Amino acid sequence: GVYFDAPDGEPSRLFFLVVSPESISGPHVKALASIARCMNSAAHRGRILKAKSAEEVLRILRAVK
């Protein structure tokens, strides 16, 4: 993890980068909303941390409604 002086003193272990063309404003907002919903669940965060591939992480994110 990377230490960012978080209130809980724990390092950050999950980072997400969303890239989108300047001319399109919809899909990245939906992606961010999906990531936010997923990160609200300790179970989902744990599954992502245990994922063995990027494809597995995508499956987890896509399964969250």
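No experiment lies behind these values; they were computed from the predicted model shown. Residue numbers run from 1 in the order of the sequence given.
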- Verify the cluster assignment for Ile60 and Leu14: are they in a single hydrophobic cluster under the rule of side-chain heavy atoms below 4.5 Å apart? yes
- When rounded to the nearest 0.5 angstrom, what distance separates SG in Cys38 from CG in Leu61? 5.0 Å
- Item | Transitive ILVMFWY cluster of Val64, excluding itself - 4.5 Å side-chain cut-off | none
- Please name all residues satisfying side-chain contact (heavy atoms from CB on, under 4.5 Å) with Val2, sequence neighbours left out, ordered by chain then number. Phe4, Phe15
- Could you work out the complete set of other residues in the hydrophobic cluster of Val19, with links drawn between I, L, V, M, F, W and Y side chains under 4.5 Å apart? Leu17
Show me the donor-acceptor pairs, under 3.5 Å and distance only, between side chains in residues 41-58 and residues at least two apart or in other chains.
from: Ser41; atom 1: OG; to: Ala43; atom 2: N; distance (Å): 3.3
from: Ser41; atom 1: OG; to: His44; atom 2: N; distance (Å): 3.1
from: Arg45; atom 1: NH1; to: Met39; atom 2: O; distance (Å): 2.4
from: Ser53; atom 1: OG; to: Glu56; atom 2: N; distance (Å): 3.1
from: Glu56; atom 1: OE1; to: Lys52; atom 2: N; distance (Å): 2.9

- If you take all heavy atoms of Ile24 and Pro27, which pair is closest and at what distance? CG2-CD, 3.3 Å
- Taking only residues two or more places apart in sequence, or in another chain, which ones meet Pro11 in a side-chain contact (heavy atoms from CB on, under 4.5 Å)? Tyr3
- Message: Going by side-chain contact (heavy atoms from CB on, under 4.5 Å), name the residues that satisfy it together with Glu10, two or more places apart in sequence or in a different chain.
- Response: Asp8
